[in-house]
Amino acid sequence: MKKYNTVIRTTWAGIGSLALLTACQNKNEEPRQPNIIYIMSDDHAYQAISAYGYGLNRTPNIDRLAKEGALFTRSTVTNSISAPSRAVLLTGKHSFVNSKVDNVQPFDWDQPNFPKLMQANGYQTAMIGKIHLDGIPQGFDFSMVLPGQGQYYNPDFLINGKKIRKEGYCTDIITEATLDWLKNKRDPGKPFCVLYHQKAPHRNWQPAPEYLNLFDDVTFEPPSTFFDNYEGRGRAAKEQEMQVHGHATWGHDFKMIVDPQGDSTGFHRELERFTPQQREKWLAAYTPKNEAFKASYPHLTDEQIARWKYNRYIKDYLRTIQSVDDGVGQLLDYLEEAGLSENTIVVYTSDQGFYLGEHGWFDKRFMYEESFRTPLLIRYPKEIRPGTVVDKLVQNLDFAPTLLDYAGITPPEEMQGETFRELVAGKTDEWRDAVYYTYYEYPSVHMVKRHYGVATERYKLMHFYYDIDEWELYDLHTDPMELRNVYNDPGYAGVRETMHKKLEELRRQYGDSDELDKKFLKEYLEHQN
């Protein structure tokens with residue numbers, strides 16, 4: 001009953017303020033409350049957005065949000081895996097509170113979420129693209145979502161619950177549907193909130209037809225830690241199964257129909273979803289490249305093979321991002337043409353970070369920086385100065401209360417995040433000094449062990465548990481690539497004590513405990529069995 005009362009109290013308070021805001025407003029005028037477009041891609045690493053300065057690729061349209069608004073350098077997630085991250089976005093609550101701790105447990109759509117509150121306070125809401133949460137989305141006037149992970153080519157969608165297949169490339173279809181809703185389906189007299197969610201660049205990184213040969217003339221140098229031997233770290237880093245050269249597959253990941261030893265990979269079955277024209281373009285692009293590699297394979301060293309795999313991976317990954325960036329450009333152009341730019345908040349982020357060969361890895365899950373950090377860029381001309389850079393530790397936990405704050409709606413007490421509206425507007429410099437993290441999905445694909453931890457601006461403390469009991473402590477100022485665990489270093493004894501106190505403080509603050517860890521482990525193992 002407590003949750004229900006919270007929603008009703010917040011909703012009616014918001015409706016009262018909305019009435020005051022709109023009492024004198026002409027029905028056909030654009031609303032005074034800001035419109036919101038929340039763009040979330042899947043597994044888009046901050047290293048692959050050119051505004052962050054890593055030089056891998058160019059994303060001029062996403063970069064516009066940084067140039068015309070704000071770029072966050074230490075945006076982090078509470079749980080680096082898809083469905084739990086999205087549940088945190090919607091609810092503003094940690095995984096152990098909203099109960100979506102992994103990709104296995106069901107998500108409770110009946111609990112409060114920020115689109116429901118916006119919908120109840122006069123906003124039109126839409127969810128278009130990937131959400132990766134089972135059940136029909138609640139809180140949206142219109143929903144068009146991919147079932148599960150979705151497909152890159154000719155994907156199925158659940159449109160207000162009805163399954164329909166769309167021919168074409170997934171990224172383009174999601175963009176076109178979002179623009180169609182904005183142009184033709186919304187009430188122009190109401191503010192809108194659209195969750196525009198791309199599947200890309202999720203594994204297995206299938207590029208659009210027009211980008212199948214992008215970067216063919218480029219050879220990428222792997223990150224400096226690509227050949228990491230994990231010395232100086234514990235078992236968790238050593239026992240994972242997410243190495244580009246070792247765990248990625250010839251077919252699904254590297255797009256070989258037949259591997260260099262002549263064995264079938266099964267990738268031809270993925271091509272069966274393509275139309276004849278799509279398949280013809282794909283094979284024309286990949287067959288010559290694959291055959292050239294197979295011909296040279298017997299003469300290559302292990303390092304040369306590893307470098308080839310890295311280049312196949314990173315090129316396909318970046319090719320899928322090119323289509324995402326195109327879609328952002330189309331959206332921003334529409335807002336300009338429709339005169340909506342000034343009164344529309346545009347957010348770009350990802351459900352978590354991703355490894356682009358750092359430590360030899362792909363995927364995410366760890367609390368190490370590349371997957372713990374996520375890109376975040378926001379444009380709102382009325383409040384955010386162009387070229388703003390925010391270095392504070394914000395989290396995806398903060399998205400729901402922040403967006404509600406912009407909409408003039410008081411967040412429910414049960415939301416655990418904080419609004420960073422005044423922070424990004426430059427009106428305050430006060431912010432939290434630490435963030436809390438949890439990860440639960442083990443044993444599972446990629447075999448990243450269960451852990452929780454705390455991070456401050458400089459230090460990070462993690463506890464890996466269940467089948468091990470190991471602690472790791474990193475000094476991000478002296479060791480930004482997290483290569484040396486200093487937990488047992490006498491020189492860091494004081495830091496270790498301080499970080500343990502901070503960890504316990506945050507566990508109490510958010511309501512986490514060893515008992516909850518055991519509960520979720522028991523439920524997970526029972527489901528697996």
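Quick note: residue numbers are just sequence positions, from 1.
One N or O on the side chain of Ser80 and one on the backbone of Ser371 form a donor-acceptor pair closer than 3.5 Å. Between the side chain of Asp351 and the main chain of Ser85, no donor-acceptor pair closer than 3.5 Å is present.
Between Trp250 and Phe293, the ring center distance clears the sub-6.0 Å criterion. Taking the six-membered ring for Trp and the full ring otherwise, Tyr442 and Tyr524 have centroids separated by 6.0 Å or more. Between Tyr368 and Phe372, the ring center distance fails the sub-6.0 Å criterion.
Sorted by first then second residue, the side-chain hydrogen bond (donor to acceptor under 3.5 Å, both in side chains) pairs that include residues 162-172, not counting sequence neighbours, are Asp156-Arg165.
Side-chain polar atoms of His245 and Asp302 form a donor-acceptor pair below 3.5 angstrom. Side-chain contact of Glu270 with Asn204: a donor-acceptor pair under 3.5 Å is present, judged by distance alone. No side-chain donor-acceptor contact under 3.5 Å links Arg273 and Tyr153. Defined by atom type and a distance below 3.5 Å, a donor-acceptor pair is missing between the side-chain atoms of Glu470 and Asn485. Side chain to side chain, Ser41 and Ser350 fail the donor-acceptor criterion of an N or O pair below 3.5 Å.
Applying the 6.0 Å contact sphere to NZ of Lys67 captures no more than 12 heavy atoms from other residues, nucleotides or ligands. In Glu231, the CD atom is not crowded: 12 or fewer heavy atoms of neighbouring residues, nucleotides or ligands sit closer than 6.0 Å. For CE of Met447, the number of neighbouring non-hydrogen atoms (other residues, nucleotides, ligands) closer than 6.0 Å is greater than 12. In this structure, Gln304 places its CD atom where more than 12 heavy-atom neighbours from other residues, nucleotides or ligands lie under 6.0 Å away. Around the NZ atom of Lys294, the shell of radius 6.0 Å holds more than 12 heavy atoms that belong to other residues, nucleotides or ligands. Counted within 6.0 Å of CZ on Arg58, heavy atoms from surrounding residues, nucleotides or ligands total 12 or fewer; the atom is thus considered open.
Between Trp205 and Phe362, the angle of the ring planes goes over 60°, which puts this pair in the perpendicular group of the 30/60° scheme. Note on ring orientation: taking the six-membered ring where Trp is involved, the planes of Tyr355 and His359 are perpendicular (angle over 60°, cut-offs 30° and 60°).
In this structure the side chain of His451 never reaches within 4.5 angstrom of the side chain of Trp471, judged on heavy atoms.
Tested against Gln198, the residues Val328, Leu146, Thr175 include a single side-chain contact (heavy atoms from CB on, under 4.5 Å) partner, Thr175.
Under the ring-ring contact (aromatic ring centres under 6.0 Å, His included) criterion, Tyr38 pairs with His197, Phe399, not counting sequence neighbours.
Of the charged side-chain nitrogens involved, at least one lies within less than 4.0 Å of a carboxylate oxygen, so that Lys255 and Asp316 count as a salt-bridged pair. With respect to Asp43 and Lys364, a salt bridge is recorded, a charged nitrogen being found less than 4.0 Å from a carboxylate O. Salt-bridge check for Asp479 with Arg484: failed, with every basic side-chain N at 4.0 Å or more from each acidic carboxylate O. Looking at Asp216 and Arg319, a side-chain N of the basic residue comes within less than 4.0 Å of a carboxylate O on the acidic one, giving a salt bridge. Ion pair Glu472/Arg233 not flagged as a salt bridge, since none of the NZ, NE, NH1 or NH2 atoms sits closer than 4.0 Å to an Asp/Glu carboxylate oxygen.
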